[in-house]
Colleague: 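Have a look at this one before I ask anything.
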Amino acid sequence: MSLLDSLNNDLKTAMKAHDKETLSTVRMLKAAVTNEQIKVGHTLTSDEEISVLSRELKQRKDSVDEFTSAGRTDLVPALEKEIEIVERYLPEQLSEDDVKSIVEETIRQVGATSKADFGKVMGAVMPKLKGQADGKIVNSVVKSLLN
């Protein structure tokens, strides 16, 4: 079942259950996927779908950080619910230990030895972890291992 089919089914379920939060979030995800399809001009591959979902998840996480720092904690619970809904459609997230082992392997493959190789390592490791780990976690692991 494609992501759009899954979103359509969940949209119907949310409508029947009168679940407004899920309904609005699924509609936003469906719109994002549809817009990306129009932009690229073909049906999205699973990697492209994961990219769209990851982008949507990152936007919401960034908004939570911004609202928290601005003192608008009243808006945070709704965004956390949206994050929960978006995460349903993403692959299982790797633990920090799993990320660390993949980064260590990548460092060996690339031959990185110092902080100067940070970009090379990130460029090699992010495609491996696409949709499976938050970029901030990967960034901090790479920095700690290269120091």
Side-chain angles (χ1 to χ4, degrees), residues 1-110 112 118-146:
M1 179 185 291
S2 75
L3 177 63
L4 271 179
D5 292 338
S6 179
L7 289 171
N8 281 327
N9 289 339
D10 291 348
L11 190 69
K12 291 174 192 172
T13 305
M15 282 180 181
K16 289 177 184 175
H18 301 288
D19 184 354
K20 291 181 182 178
E21 293 171 327
T22 303
L23 183 63
S24 68
T25 304
V26 171
R27 278 183 175 152
M28 283 188 280
L29 292 175
K30 186 178 174 201
V33 171
T34 305
N35 287 339
E36 188 69 18
Q37 276 187 336
I38 292 168
K39 181 178 164 187
V40 297
H42 61 80
T43 304
L44 299 180
T45 65
S46 61
D47 284 345
E48 291 170 328
E49 290 173 344
I50 289 172
S51 293
V52 172
L53 292 174
S54 296
R55 183 173 55 235
E56 292 296 316
L57 181 66
K58 183 180 182 328
Q59 286 174 355
R60 283 159 180 76
K61 285 183 176 181
D62 290 347
S63 294
V64 166
D65 293 341
E66 289 173 17
F67 289 150
T68 303
S69 66
R72 291 298 310 265
T73 54
D74 56 315
L75 300 173
V76 172
L79 278 172
E80 287 175 343
K81 177 72 175 163
E82 286 184 16
I83 288 170
E84 204 177 286
I85 294 167
V86 174
E87 285 176 339
R88 289 184 208 162
Y89 300 100
L90 284 168
E92 186 74 27
Q93 297 294 297
L94 296 173
S95 69
E96 194 164 339
D97 292 334
D98 293 337
V99 171
K100 187 175 181 178
S101 66
I102 292 172
V103 169
E104 286 171 343
E105 177 187 323
T106 305
I107 288 173
R108 281 193 296 278
Q109 289 173 350
V110 192
F118 176 80
K120 191 183 341 178
V121 174
M122 285 297 287
V125 81
M126 284 311 288
K128 294 179 185 178
L129 298 173
K130 189 171 199 118
Q132 297 177 334
D134 186 9
K136 290 179 183 177
I137 294 172
V138 177
N139 189 318
S140 66
V141 168
V142 171
K143 282 182 181 175
S144 69
L145 290 174
L146 288 178

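Only a predicted model underlies this, so the values are computations on that prediction, with no experimental measurement involved.
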Colleague: What are the two closest heavy atoms between Phe118 and Leu146, and how far apart are they?
Modeller: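 What the structure gives for the nearest pair is CA-CD1, 3.6 Å.
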
Colleague: Ser63: what forms a side-chain contact (heavy atoms from CB on, under 4.5 Å) with it, not counting sequence neighbours?
Modeller: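 side-chain contact (heavy atoms from CB on, under 4.5 Å) check on Ser63 returns Phe67, Leu79.
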
Colleague: Could you tell me the separation between the CG atom of Leu94 and the CG atom of Leu129, rounded to the nearest 0.5 Å?
Modeller: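 Output value for this atom pair is 6.0 Å.
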
Colleague: For Pro127 versus Gly123, what's the shortest heavy-atom pair and its separation?
Modeller: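 In this case the closest contact between Pro127 and Gly123 is CD-O, 3.2 Å.
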
Colleague: Can you list, pair by pair, the side-chain donor-acceptor contacts under 3.5 Å of residues 20-29, counting residues two or more places apart and other chains?
Modeller:
unit_1	atom_1	unit_2	atom_2	d
Thr22	OG1	Asp19	OD1	3.4
Thr22	OG1	Asp19	OD2	2.6
Ser24	OG	Lys20	O	3.3
Ser24	OG	Glu21	O	3.1
Thr25	OG1	Glu21	O	2.9

Colleague: Between Arg60 and Glu56, is the closest basic N to carboxylate O distance under 4.0 Å?
Modeller: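 Arg60 and Glu56: salt-bridged.
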
Colleague: Which pairs with one or both residues in residues 28-38 pass side chain to side chain donor-acceptor pair (under 3.5 Å), sequence neighbours excluded?
Modeller: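 Every side chain to side chain donor-acceptor pair (under 3.5 Å) pair that includes a residue of residues 28-38, provided the two are not neighbours, is Asn8-Lys30, Glu36-Arg55.
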
Colleague: I need the Ile50 CD1 to Leu57 CG distance, nearest 0.5 Å.
Modeller: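 Spacing of CD1 (Ile50) from CG (Leu57) equals 12.5 Å.
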
Colleague: What distance separates Thr43 OG1 from Glu49 CD, expressed to the nearest 0.5 Å?
Modeller: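 Answer rounded to 0.5 Å: 9.0 Å.
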
Colleague: For His18, what residues pass the side-chain contact (heavy atoms from CB on, under 4.5 Å) criterion, not counting sequence neighbours?
Modeller: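 side-chain contact (heavy atoms from CB on, under 4.5 Å) check on His18 returns nothing, list empty.
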
Colleague: By the side chain to side chain donor-acceptor pair (under 3.5 Å) test, which pairs, at least two apart or in different chains, include something from residues 89-100?
Modeller: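 Pairs touching residues 89-100 that pass the test: Asp10-Tyr89, Ser95-Asp98.
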
Colleague: So does Asp74 pair up with Arg72, basic N to acidic O under 4.0 Å?
Modeller: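 Yes, charged N to carboxylate O under 4.0 Å.
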
Colleague: Is it true that Lys61 and Asp65 make a salt bridge, defined as a side-chain N closer than 4.0 Å to a carboxylate O?
Modeller: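 No, this pair does not count.
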
Colleague: Of the non-hydrogen atoms in Pro91 and Gln132, which two are nearest, and what is the gap between them?
Modeller: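 Looking at all heavy atoms of both residues, the shortest contact is CB-CG, 4.5 Å.
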
Colleague: Working to the nearest 0.5 angstrom, can you tell me the gap between Thr45 OG1 and Leu3 CG?
Modeller: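 Answer for the OG1-CG pair, Thr45 versus Leu3, is 11.0 Å.
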
Colleague: For Glu84, check side-chain contact (heavy atoms from CB on, under 4.5 Å) against everything at least two apart and list the hits.
Modeller: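 Per chain and number, Glu84 pairs via side-chain contact (heavy atoms from CB on, under 4.5 Å) with Lys81.
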
Colleague: How long is the span from the NZ atom in Lys120 to the CD atom in Gln109, to the nearest 0.5 Å?
Modeller: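 Atom-to-atom, Lys120:NZ and Gln109:CD are 12.5 Å apart.
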
Colleague: Quick check on Lys12: does its NZ atom have over 12 non-hydrogen neighbours (other residues, nucleotides or ligands) under 6.0 Å away?
Modeller: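 No, not enclosed.
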
